[in-house]
Amino acid sequence: MGEEPLVRWDWIGRNWPEILELAADNLVMALVPVAVALLAALPLGLAGARWRWFYQPTVGVVNVVYSLPSLAVFIVLIPVTGLATRTTVMVPLVFYAMAVLIPAVVDGLASVPDHVRQSAVAMGFTPLRRLLGVELPIAVPVVLAGLRVATVSSISLVSVGALVGRGGLGYLFIDGWQRQFPTPIIAGIVLVVLLAGLADLLLVLAQRWLTPWSAARVAARAQARPAAGERKGAA
Amino acid sequence: MGRLWQGGRAPAGDQGMHMITFDDVSKRYPDGTVAVDGLTLHAPTGEITVLVGPSGCGKTTSLRMVNRMVDATGGRILLDGVDVRTVDPPTLRRGIGYVIQQAGLFPHRKIVDNVATVPYLLGWDRKRARARAMELLERVGLDAGLAGRYPFQLSGGQQQRVGVARALAADPPVLLMDEPFSAVDPIVRASLQDELLRLQSELNKTIVFVTHDIDEAIKLGDRVAVLRVGGRLAQLASPAELLAEPADDFVREFLGRDRGIRRLSFVPGDGLRLRTDLTVPVSAEAASVRGTAEPWLAVVDGEGRPLGWVAREDLPDSGTLAGVPAAPYGAFVRERDSLRSALDAALLSPSGNALAVDGAGRVEGVVTRDELDAALARAAGGARG
Ligand SMILES: Nc1ncnc2c1ncn2[C@@H]1O[C@H](COP(=O)(O)OP(=O)(O)OP(=O)(O)O)[C@@H](O)[C@H]1O
Ligand SMILES: [Mg+2]
């Protein structure tokens, strides 16, 4: 029919190295903020779990920042961190991730059953040892669930940075749109989804490895009956 | 199923060693609630002291003051002569086993590591701690195959056993148990109680056991402390004394119904007089016993085990007793069971007589209704006092 095809593979073939570079940039700009946010969310979440009066204001502040349109945040930041720099893009992403992760840490710690905490105290755990040996490990599944959400959304949010000249794969959207050329847009979308999916998969695997007890629990619920039957047995 | 006469251990009076002493202990919470008020109590070494009372009477608070999960606001608690307030809490707690209702197992650790928790805290090396944990799993009657599981893969009763094993792991002299068996069904509860008594007969720990179930208190306690709301001691006595002589209406009401019958559990059955002339072997000729004046005869097999009762009027003219249908019987183990079991056995027989058997189930003799009557009269006489 001689019409323009939706995806021009030859363009992708020619621009492969640049596309990969954008993907790598996207990944770095997405993951560094999540890592920073996790480091910040741990102490803030611990403090929030311990002192209720601390939790609400902290989450409030973070949520307000979260609600600000990213473009507005960029405009405020540009004089400080520069146009088209990674930092400008990453600073709001840190807050977005924190908005998810602080509640995740607090909820994770709240998921430690009271009788478990009490029995740790009764057996002579010091507070620090109880935190590291009992409370945080039990909080891990909930924190990891939050981490998955934060990571996936961070990977896709990076593209907004294209508006200020640094958006990782988001550059492909602007480029394709300006030239009325769909191939880069489609390649960008596919890659963002792919990166997000891959990161999520890795986190799921990490969760399996870190918390076999909770993975097994889920599996047991899925299988339900047979496992219950052989409880009594044993040679 | 009390135990006082089984082990032959007399309830300790005040002259024994006291592992735990509550000396005029009070606890007022910051909100003003007085949970415990002037409690003075000794928990003798090697015995089970049960704290029992209605909800909110301060049982948990009292227990937690021993390991300083709650600090007393008045009085002192001595553990082996040392005021617990002078000991650093984590150190104190590592020397005291603690078992609670929901077991409180760590969901993220395998059973073996749950049991080894305190040894790990005490710095034992992993191998030794795990070996000790395996030993304890066996001790509490759990299969070694469960060691590698996570707590959620165990039944409630199994989790509770793990909880007990964990409390015993570092071999503490003292165990605190806060309603440890109240979340499991009655059958499992009974077997956990029996298990605890068996363990205690081997280990002789000083146990303070909290429950709101008076029957559990009576079954398990060497001594039972009945508390009333406000954390005041209403009565401290052995189970038998408690049933025989409740100190006041509160205790009497708390003990509930059938107190007289339940008290018979604490009267040994081995003092009952036996008649040995009412037993006949199944191989005997019916004709040879037809002349008896007794309305009922107990038939036993070749090894002396009971088969049932035959009525004199059912005896045929010829043949052995094997051909005679035997009526149901009740039996009790004379050297172990109580007067209550003997009475129960009598009520299960149409003859109204109880069969006394030995540990192997062989008939030793018959306790007649008249003899039971006399024994009940003696027991009732003992209740006056
Ligand atoms: N942390 C606390 N702050 C204020 N009051 C408390 C606290 N803990 C317990 N109390 C109160 O102290 C009293 C005794 O409580 P405790 O838990 O010792 O009772 P209990 O005998 O164990 O009851 P239950 O059989 O219901 O477990 C109750 O009135 C309770 O409401
Ligand atoms: Mg309680």
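Here is the naming used below: chain letters follow the sequence lines, and residue numbers restart at 1 for every chain.
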Review point. Side chains of A/Gln118 and B/Met69: does their closest heavy-atom pair fall under 4.5 Å?
Key: yes

Exercise for review: Enter the distance from B/His108:NE2 to A/Leu210:CG here, rounded to the nearest 0.5 Å.
Suggested key: 12.0 Å

Practice item. Drop me the distance from A/Met123's CE to B/Asn114's CG, to the nearest 0.5 angstrom. Key: 7.5 Å

Practice item. Could you tell me whether B/Arg28 atom CZ has more than 12 heavy atoms of other residues or ligands within 6.0 Å of it? Key: no

Practice item. Taking the side chain as every heavy atom from C-beta outward, state whether A/Ser119 and B/Phe106 have any pair of such atoms under 4.5 Å apart. Key: yes

Check your understanding: Under a 4.5 Å heavy-atom cut-off, does chain A meet the side chain of B/Leu105, its backbone, both or neither?
Key -> backbone

Revision key, fill the gap. Interface check, chain A: of B/Arg109, B/Arg166, B/Gln101, most non-hydrogen pairs under 4.5 Å belong to B/Arg166

Check your understanding: Does a sphere of radius 6.0 Å around OH in A/Tyr66 hold more than 12 heavy atoms from other residues, nucleotides or ligands, not counting ones at 6.0 Å or beyond?
Key -> no

Review point. Relative to chain B, which segment of A/Arg117 carries a heavy atom at a distance below 4.5 Å: side chain, backbone, both, or neither?
Key: neither

Point to revise | Atom CZ of B/Arg76: over 12 foreign heavy atoms under 6.0 Å | key: no

Check your understanding: Got a sec: does the CD of A/Glu21 have more than 12 other heavy atoms crowding it under 6.0 Å?
Key -> no

Review point. With a cut-off of 6.0 Å (strictly less than), are more than 12 heavy atoms of other residues, nucleotides or ligands near OH of A/Tyr171?
Key: no

Practice item. Side chain from CB out, backbone as N, CA, C, O: work out which of these in B/Leu121 comes under 4.5 Å of a heavy atom of chain A, or both, or neither. Key: both

Point to revise | Other residues, nucleotides, ligands: >12 heavy atoms within 6.0 Å of A/Phe74 CZ | key: yes

